[in-house]
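Worksheet: the structure to be examined is printed underneath.
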Amino acid sequence: MITFYEAATDRVRFHATRIEMIQAQAAAIGVELALIGTSWPAMEQRLVEELDRLRSEGFSGIVLGDIHLTDVRAWYEAQVVAAGLEHTEPIWGEPSIDLLTEFVQTGGRAVITCVDLSRLSADWLGRVVDERFVTDIATTGVDPCGENGEYHPFAFAGPLFHRALNWQRGEEHRETDFLQVDIRQA
């Protein structure tokens, strides 16, 4: 699992998730984690370096989870292919509501760590993605998976997890139209 984060804040950009929680998540799933600290202006170069490293270590491809943002997919695909790796998007084109429903029905749980206040109200912040969430988000008119940046989640339980992560809600902070909440291990 590869995660880029803002080196100045030790948080994943947009999601606002602290890297300690990403480390706990990877441990709970049982996967190796590569954390790459960078700045937003340097992110593309750091990605190129990481892709080159992976190729030199014998990796043959990269799996990403984009659903329907063509420009985002095209950018990542160009970077991955230029590095000589295979680009795979297994959930590309799937209906967002179906993906969200499957996530919840298979035991997946997440907490909303960031909300775009121009698209959703502040009361979505800190909500757990569960059956009620699926029903409620479907009535808002936003992408059910938050694919357009309406919200960002942090998964803490699901079929891949050997154990669920215990977390607690921390302080809220605002960055332009984005309301974010710290989550910490409980």
Side-chain angles (χ1 to χ4, degrees), residues 1-5 11-35 54 59-70 72-73 76-77 80 85-116 119-121 123-170 178-186:
M1 183 166 93
I2 300 170
T3 300
F4 289 85
Y5 68 93
R11 295 174 190 274
V12 177
R13 187 173 174 86
F14 303 119
H15 295 246
T17 304
R18 294 173 177 275
I19 60 171
E20 306 90 68
M21 293 303 292
I22 301 299
Q23 291 167 323
Q25 184 183 56
I29 295 170
V31 296
E32 185 178 334
L33 173 64
L35 281 169
L54 291 170
F59 287 85
S60 61
I62 301 293
V63 178
L64 294 136
D66 295 306
I67 302 169
H68 61 72
L69 297 179
T70 306
V72 173
R73 178 188 171 138
Y76 277 111
E77 187 169 14
V80 170
L85 296 165
E86 182 182 342
H87 171 261
T88 303
E89 298 271 1
I91 60 174
W92 181 257
E94 295 293 326
S96 290
I97 193 65
D98 294 351
L99 292 169
L100 182 62
T101 300
E102 179 182 348
F103 173 77
V104 169
Q105 287 178 346
T106 60
R109 293 295 180 270
V111 57
I112 304 305
T113 60
C114 180
V115 174
D116 180 346
R119 300 173 184 195
L120 288 171
S121 62
D123 61 339
W124 287 90
L125 190 68
R127 282 191 63 177
V128 170
V129 177
D130 57 12
E131 292 84 357
R132 182 171 175 205
F133 181 93
V134 173
T135 301
D136 292 349
I137 200 74
T139 67
T140 64
V142 304
D143 185 273
C145 287
E147 183 75 349
N148 299 304
E150 299 93 339
Y151 69 87
H152 296 285
F154 174 79
F156 61 86
L160 296 178
F161 285 74
H162 300 294
R163 60 179 168 73
L165 292 176
N166 293 320
W167 58 273
Q168 61 187 8
R169 188 176 173 147
F178 296 95
L179 184 60
Q180 302 165 334
V181 65
D182 275 333
I183 54 168
R184 301 176 185 271
Q185 287 192 36

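Note that this is a predicted model, so its numbers are computed, not measured.
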Using a 6.0 Å cut-off, check whether atom CD of Gln168 has over 12 heavy atoms from anything other than its own residue.
yes
Any chance CZ of Phe4 has more than 12 other-residue heavy atoms, nucleotides or ligands included, within less than 6.0 Å?
yes
What is the minimum heavy-atom distance between [X] and [Y], and which atoms define it?
X: Pro159; Y: Thr106; result: CG-O, 3.2 Å
X: Ile67; Y: Cys145; result: CD1-CB, 3.8 Å
X: Arg163; Y: Ala27; result: NH2-CB, 4.3 Å
X: Leu165; Y: Ala28; result: CD2-CB, 3.8 Å
X: Leu64; Y: Pro90; result: O-CD, 3.3 Å
X: Pro153; Y: Ile112; result: CB-CD1, 4.1 Å

Taking atom [atom1] of [X] and atom [atom2] of [Y], what is their separation to the nearest 0.5 Å?
X: Tyr76; Y: Asp66; atom1: OH; atom2: CG; result: 7.5 Å
X: Ile97; Y: Glu102; atom1: CD1; atom2: CD; result: 12.5 Å
X: Leu179; Y: Leu125; atom1: CG; atom2: CG; result: 4.5 Å
X: Phe178; Y: His15; atom1: CZ; atom2: NE2; result: 11.0 Å
X: Glu77; Y: Thr88; atom1: CD; atom2: OG1; result: 9.5 Å
X: Phe103; Y: Ile91; atom1: CZ; atom2: CD1; result: 11.5 Å

Taking [X] for the side chain and [Y] for the main chain, is one N or O donor matched with an acceptor at less than 3.5 Å?
X: Arg73; Y: Glu89; answer: no
X: Gln25; Y: Ala155; answer: yes
X: His162; Y: Ile29; answer: yes

Result block: side-chain N/O donor-acceptor pairs under 3.5 angstrom for residues 131-138, not counting sequence neighbours:
residue : atom : partner : partner atom : Å
Glu131  : OE1  : Arg109  : NH2          : 3.4
Glu131  : OE2  : Arg109  : NH2          : 3.3
Arg132  : NE   : Asp136  : OD2          : 3.4
Thr135  : OG1  : Glu131  : O            : 3.3
Asp136  : OD2  : Arg127  : NH1          : 3.4
Asp136  : OD2  : Arg127  : NH2          : 2.8

The criterion is side chain to side chain donor-acceptor pair (under 3.5 Å); which residues satisfy it with Ser96, sequence neighbours excluded?
Asp143
Report yes if some heavy atom in the side chain of [X] is under 4.5 Å from a heavy atom in the side chain of [Y]; otherwise report no.
X: Ile22; Y: Met1; answer: yes
X: Thr70; Y: Trp92; answer: yes
X: Thr113; Y: Arg18; answer: no
X: Val12; Y: Met21; answer: no
X: Val142; Y: Asp116; answer: no
X: Glu147; Y: Val72; answer: no

With Ser121, which residues qualify under side chain to side chain contact (heavy atoms under 4.5 Å, CB included), at least two apart?
Asp123, Trp124
Among Val129, Ile183, Val128, find the residue that satisfies the side-chain contact (heavy atoms from CB on, under 4.5 Å) test when tested with Phe156.
Val128
Go through the steps to decide whether Cys114 and Gln180 satisfy the test side chain to side chain contact (heavy atoms under 4.5 Å, CB included), and finish with yes or no.
CA-CA 4 Å; Cys114 180; Gln180 302 165 334; 3.7 Å; yes
Between Leu54 and Ile2, is the side chain to side chain contact (heavy atoms under 4.5 Å, CB included) condition met? List the steps.
CA-CA 11 Å; Leu54 291 170; Ile2 300 170; 3.3 Å; yes
